Amino acid sequence: MMGLRRFSIGSRLTLWYLAIFALAQLIFGAGMWFILRHNLYDLVDDGLEVQVDDLKNFLQSQPKDRPLAKLQEEVTETYTAEHSGDYLEVYAENDQLIYRSAFLQAHPSALFPPDQIRRPVMRSRKIDGRPFRFALQKLIINGHTYTIEMGIQADDAVETLHLFRLYLLMFAPLVLLAAAGGGYWLSRRALSPVDALVRSAREVGGSSLNNRLQKLETGDELQRLSDTLNEMLDRIETAFLRITQFTADASHELRTPISLIRTEAELALRRSRTEAEYTESLRHILLEAERTTVLIEQLLSLARTDSGRETLHPQPIDLRQTLRAVADGWQQVALVRNVQFSEAIGGTDADAPGCFVMGDETLLRRLVDILLDNAFKYTPSPGSVRLWLESTEESVIIAVQDSGIGIDEEEQGKIFERFYRVDKARSRAQGGVGLGLAIAHWIVTQHRGSIVVESRPGEGSTFRVKLPMIPTPAQNPQPV
Ligand code: ADP
């Protein structure tokens with residue numbers, strides 16, 4: 001079997017086919033041969049029995065107490081002339097020979113002594129290379145016991161058998177050869193789609209990911225295989241395109257601040273400047289450097305999520321505390337920007353239901369930070385930003401509302417995509433590169449939640465994050 005492994009499926013199938021066919025042919029041929037032989041000998045034996053019956057009738061017709069010598073004379077007279085006497089021997093009691101044909105005198109039977117014959121026997125004998133069937137039996141006629149041996153030629157039967165065997169041996173290899181050819185052809189035909197698949201699979205590469213395996217219409221396992229592989233290629237291509245796009249966008253985004261920094265520095269160095277001018281240039285450079293740092297951090301964070309290396313540390317979290325801490329940090333920003341900031345997070349009562357989720361504290365803080373950052377970025381003074389918590393039966397909702405510029409209906413579906421910005425120039429001026437909401441979306445998905453936006457241009461936007469609620473733990477594990 002080990003050796004077979006090295007052959008192709010087609011050759012293996014053919015070999016198996018051949019082996020099974022040869023075995024079947026052997027069993028069939030041998031079986032037929034035995035059946036044929038049995039039937040042919042039956043026919044010969046039937047003829048022999050008829051002759052024995054004739055002899056029986058003849059002996060019966062003899063007077064009961066005819067002396068042996070007279071009987072010998074009668075039998076000899078009758079059977080010497082008769083064809084059925086050619087291979088005949090008849091004995092009376094005490095092995096006294098009554099008749100023996102000339103042929104049997106020349107070829108004495110090896111099957112006697114006659115007193116050992118209990119029941120009729122049929123034997124095949126070959127004499128001078130010619131086949132015979134002999135019947136040996138005791139006949140009890142008119143109170144006398146005779147032992148007879150009577151033969152008949154079996155040339156025809158043996159000849160037929162020989163021919164049959166010859167044909168079998170002659171045609172078996174031919175049939176086997178035809179079977180092997182047929183088997184090979186069949187397996188090639190059944191497996192030819194595999195070759196087609198292999199050929200088309202070779203065409204698929206990094207730069208030709210849009211190639212697909214040949215579409216099979218065989219309606220069988222192979223079609224299922226090619227369909228499944230093609231679906232897999234679809235997914236790989238989508239992921240590949242996303243990565244390519246991401247890399248292109250990231251490089252592009254990184255180039256902008258760097259070229260700005262460079263231009264600023266070059267301009268400053270072109271001629272000597274006042275200290276105030278240098279300070280101004282350095283301030284610009286610092287600002288761009290800070291933005292670049294933020295961008296790089298966001299890129300790294302997304303790269304980590306893509307590679308699955310960003311791991312969550314989920315624990316029961318009281319969202320009221322988390323939100324309050326985050327909100328505190330934004331009070332100052334609100335003041336500076338002259339935007340009214342209000343929060344409705346609820347009391348500190350630890351027993352108040354419906355504020356606990358299973359989550360990663362750092363990531364959830366980041367999520368709220370992103371939403372508040374956007375709200376302040378896109379809300380001109382004087383406007384308002386609101387943060388509050390809602391709870392339904394099984395979920396907690398974090399809502400961030402602003403009275404800012406709002407988002408067009410058709411843009412609302414795209415803002416969660418990486419690098420997507422409604423107004424590129426404006427967003428950049430605010431320090432955004434379009435990654436915040438993509439990260440927010442990832443965080444929400446990781447917490448098995450959902451994020452939706454409701455907005456009207458010019459009237460403001462409301463972002464709602466829905467997270468699955470968990471029962472309030474018996475003791476508040478969070479340090480206050
Ligand atoms: P960015 O860093 O540019 O803010 P985000 O992924 O956070 O990127 O947001 C994507 C885009 O969605 C933003 O560029 C902006 O056009 C739009 N957007 C996000 N939040 C708001 C909001 N509160 N009001 C108006 N537009 C918003």
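In listed order, ligands and their atoms are each counted from 1. All figures in this text were calculated on a predicted structure; none of them were measured in a lab.
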So is there a nitrogen or oxygen of I370 less than 3.5 Å from a nitrogen or oxygen in ligand 1?
no
Between ligand 1 and F416, can you find any atom pair, the residue atom being a heavy atom, that is separated by under 4.0 Å?
no
I need the atoms of ligand 1 closer than 4.0 Å to a non-hydrogen atom of [X], numbered in the order shown.
{"X": "K377", "result": "1 (P), 2 (O), 4 (O)"}
{"X": "S461", "result": "22 (C), 24 (N), 25 (C)"}
{"X": "R421", "result": "3 (O), 14 (O)"}
{"X": "Y420", "result": "10 (C), 11 (C)"}
{"X": "G406", "result": "25 (C)"}

Counterpart residues, side-chain contact (heavy atoms from CB on, under 4.5 Å), relative to E159 (two or more places apart)
none
side-chain contact (heavy atoms from CB on, under 4.5 Å) partners of I296, counting only residues at least two apart:
L254, T292, L300
Just need the protein heavy atom nearest to [atom], so name the residue and atom and give the distance.
{"atom": "atom 3 (O) of ligand 1", "value": "S427 OG, 2.6 Å"}
{"atom": "atom 5 (P) of ligand 1", "value": "L437 N, 3.5 Å"}
{"atom": "atom 23 (N) of ligand 1", "value": "D402 OD2, 2.9 Å"}
{"atom": "atom 26 (N) of ligand 1", "value": "I407 CG1, 3.3 Å"}
{"atom": "atom 22 (C) of ligand 1", "value": "Y378 CD1, 3.7 Å"}
{"atom": "atom 7 (O) of ligand 1", "value": "N374 ND2, 2.8 Å"}

Whether the side chain of [X] engages the backbone of [Y] through a donor-acceptor N/O pair (distance < 3.5 Å, no angle test) should be reported.
{"X": "E277", "Y": "T274", "value": "yes"}
{"X": "D360", "Y": "L312", "value": "no"}
{"X": "D408", "Y": "E411", "value": "no"}

For the aromatic rings, using the six-membered ring if either is Trp, is the centroid distance between F376 and W330 under 6.0 Å?
yes
Assess the pair Y184 and Y17: is the distance between their ring centroids shorter than 6.0 Å?
no
Passes side-chain contact (heavy atoms from CB on, under 4.5 Å), R418 versus H441? Steps please.
CA-CA 10 Å; R418 292 173 182 189; H441 187 259; over 6 Å; no
Option whose closest heavy atom lies nearest to atom 1 (P) of ligand 1, chosen from G434, G460, G436, S455
G434
Which of the listed options, I415, L435, V385, L372, holds the heavy atom that is closest to atom 17 (C) of ligand 1?
I415
Please check if any side-chain donor atom of T322 sits under 3.5 Å from a side-chain acceptor atom of E361, or the reverse.
yes
Does a side chain donor of either S11 or S8 reach within less than 3.5 Å of an acceptor in the other side chain?
yes
Using a heavy-atom cut-off of under 4.0 Å, does the side chain or the backbone of V433 touch ligand 1, or both, or neither?
backbone
